[in-house]
Every structure is written in structure tokens, then in C-alpha cells.
Novice: 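Dropping the structure in here first, questions after.
Note that the numbering runs from 1 along the sequence shown for the chain. Quantities reported herein were computed from a predicted structural model and do not represent experimental measurements.
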Amino acid sequence: MDFDDQLRRYFGTTDFAALNPDALTAGTDRIGVDLGLETDRNRRFALWALLHILGNAPDLDVTFAEEADREAARNFMDLLAADQE
């Protein structure tokens with residue numbers, strides 16, 4: 001999954017800084033729909049991670065059926081939080 005491809009797919013641009021609030025909301029909504037439809041665990045995690053970075057990720061218990069996936073998501077959140085300190 002190439003990040004620029006994902007930005008183009010969901011937001012119509014690779015220039016994330018140039019997005020207006022409406023385009024950001026619409027793209028985030030599209031990611032959420034795809035997350036709900038995705039069955040591949042790796043792709044599902046990637047979509048959730050992108051939503052988390054955007055501040056709009058659903059709860060782990062709702063998103064991930066496997067405990068291992070929830071633990072990976074917690075580790076991801078911890079890594080991001082440590083990077084911001």
C-alpha cells in the first residue's frame with residue numbers, strides 16, 4: 001500500500017497540507033467505509049492506522065476481532081505518543 005496512492009484515492013491529492021476541511025472530512029469518511037468493508041487483516045490495520053493519525057479511528061474492540069491486532073494497535077499508538085514527547 002503506497003502512501004501517496006492512498007492520499008490520492010481518499011483525498012484526491014498528495015499535498016495533504018493543501019486539503020480544505022470538507023475534503024479532509026470526505027476522505028476520512030471514505031477511509032472509514034473501506035475499513036468497515038475490508039476483510040484482510042493487514043489492510044484493515046493500515047486503514048485504522050491512517051484514521052488514528054487523522055484523529056478519527058474507531059475503538060479497537062470494534063475494529064479488531066483478534067487480540068493480537070488490538071495489541072499491535074496499542075503498540076502503534078504508544079510509538080506515536082512516544083515520538084511526540
Side-chain angles (χ1 to χ4, degrees):
M1 202 181 285
D2 181 81
F3 189 65
D4 283 347
D5 289 344
Q6 296 306 304
L7 289 178
R8 263 189 233 83
R9 175 181 179 150
Y10 293 113
F11 302 105
T13 183
T14 58
D15 185 5
F16 201 73
L19 284 177
N20 67 48
D22 291 336
L24 181 61
T25 299
T28 302
D29 289 346
R30 285 191 290 275
I31 296 170
V33 168
D34 281 356
L35 175 65
L37 297 172
E38 186 59 63
T39 58
D40 180 87
R41 287 173 66 193
N42 295 327
R43 290 178 186 265
R44 194 167 173 75
F45 186 87
L47 291 169
W48 175 87
L50 184 53
L51 284 172
H52 177 73
I53 290 168
L54 295 171
N56 202 16
D59 290 336
L60 300 181
D61 294 340
V62 173
T63 306
F64 301 112
E66 303 280 335
E67 178 58 33
D69 295 337
R70 290 190 295 271
E71 186 61 29
R74 287 184 201 100
N75 290 338
F76 178 78
M77 290 187 294
D78 290 345
L79 287 170
L80 286 180
D83 187 52
Q84 293 176 1
E85 292 178 354

Novice: Please examine the side chains of Asp15 and Leu7, heavy atoms only from C-beta on, and report whether any two atoms are closer than 4.5 Å.
Specialist: no
Novice: Output, in order, the C-alpha distance, side-chain angles, deciding distance and verdict of side chain to side chain contact (heavy atoms under 4.5 Å, CB included) for Leu54 and Phe16.
Specialist: CA-CA 11 Å; Leu54 295 171; Phe16 201 73; 3.2 Å; yes
Novice: If you link ILVMFWY side chains whenever their heavy atoms are less than 4.5 Å apart, which other residues fall into the same cluster as Leu37? By chain and number, please.
Specialist: Val33
Novice: Return all side-chain donor-acceptor pairs below 3.5 angstrom for residues 70-79, not counting sequence neighbours, or 'none' if the list is empty.
Specialist:
| residue | atom | partner | partner atom | Å |
| --- | --- | --- | --- | --- |
| Arg70 | NE | Glu67 | OE1 | 3.1 |
| Arg70 | NH1 | Phe64 | O | 2.6 |
| Arg70 | NH1 | Ala65 | O | 3.2 |
| Arg70 | NH2 | Glu67 | OE1 | 2.8 |
| Glu71 | OE1 | Arg74 | NH1 | 3.2 |
| Arg74 | NH1 | Glu67 | OE2 | 3.1 |
| Asn75 | ND2 | Glu71 | O | 3.4 |

Novice: I'd like to check the ring pair (Phe, Tyr, Trp, His ring centres under 6.0 Å) partners of Tyr10; sequence neighbours left out, ordered by chain and number.
Specialist: none
Novice: Would you call Asp69 and Arg41 a side-chain contact if the rule is heavy atoms closer than 4.5 Å?
Specialist: yes
Novice: Side chain to side chain contact (heavy atoms under 4.5 Å, CB included), that's the test. Do Phe11 and Ile31 meet it? Break it down for me.
Specialist: CA-CA 10 Å; Phe11 302 105; Ile31 296 170; 3.9 Å; yes
Novice: Please list all pairs meeting side chain to side chain donor-acceptor pair (under 3.5 Å) that have one or both residues in residues 51-66, counting only residues at least two apart or in different chains.
Specialist: none
Novice: Does anything in residues 28-38 form a salt bridge (Lys or Arg N to Asp or Glu O under 4.0 Å)? List the pairs, not counting sequence neighbours.
Specialist: Arg9-Asp34
Novice: Using modelled atom types only, decide if a donor and an acceptor are shared between the side chain of Trp48 and the backbone of Pro58 within a distance under 3.5 Å.
Specialist: yes
Novice: Distance-only criterion, 3.5 Å: show the donor-acceptor pairs between side-chain atoms of residues 19-28 and protein atoms not counting sequence neighbours.
Specialist:
| residue | atom | partner | partner atom | Å |
| --- | --- | --- | --- | --- |
| Asn20 | OD1 | Asp22 | N | 3.0 |
| Asn20 | OD1 | Ala23 | N | 2.8 |
| Thr25 | OG1 | Pro21 | O | 3.0 |
| Thr28 | OG1 | Leu24 | O | 2.7 |

Novice: Is the backbone N or O of Asp4 less than 3.5 Å from a side-chain atom of Arg8, with the two atoms forming a donor-acceptor pair by type?
Specialist: yes
Novice: Could you check whether any side-chain heavy atom of Thr14 comes within less than 4.5 Å of a side-chain heavy atom of Phe3, counting everything from C-beta outward?
Specialist: no
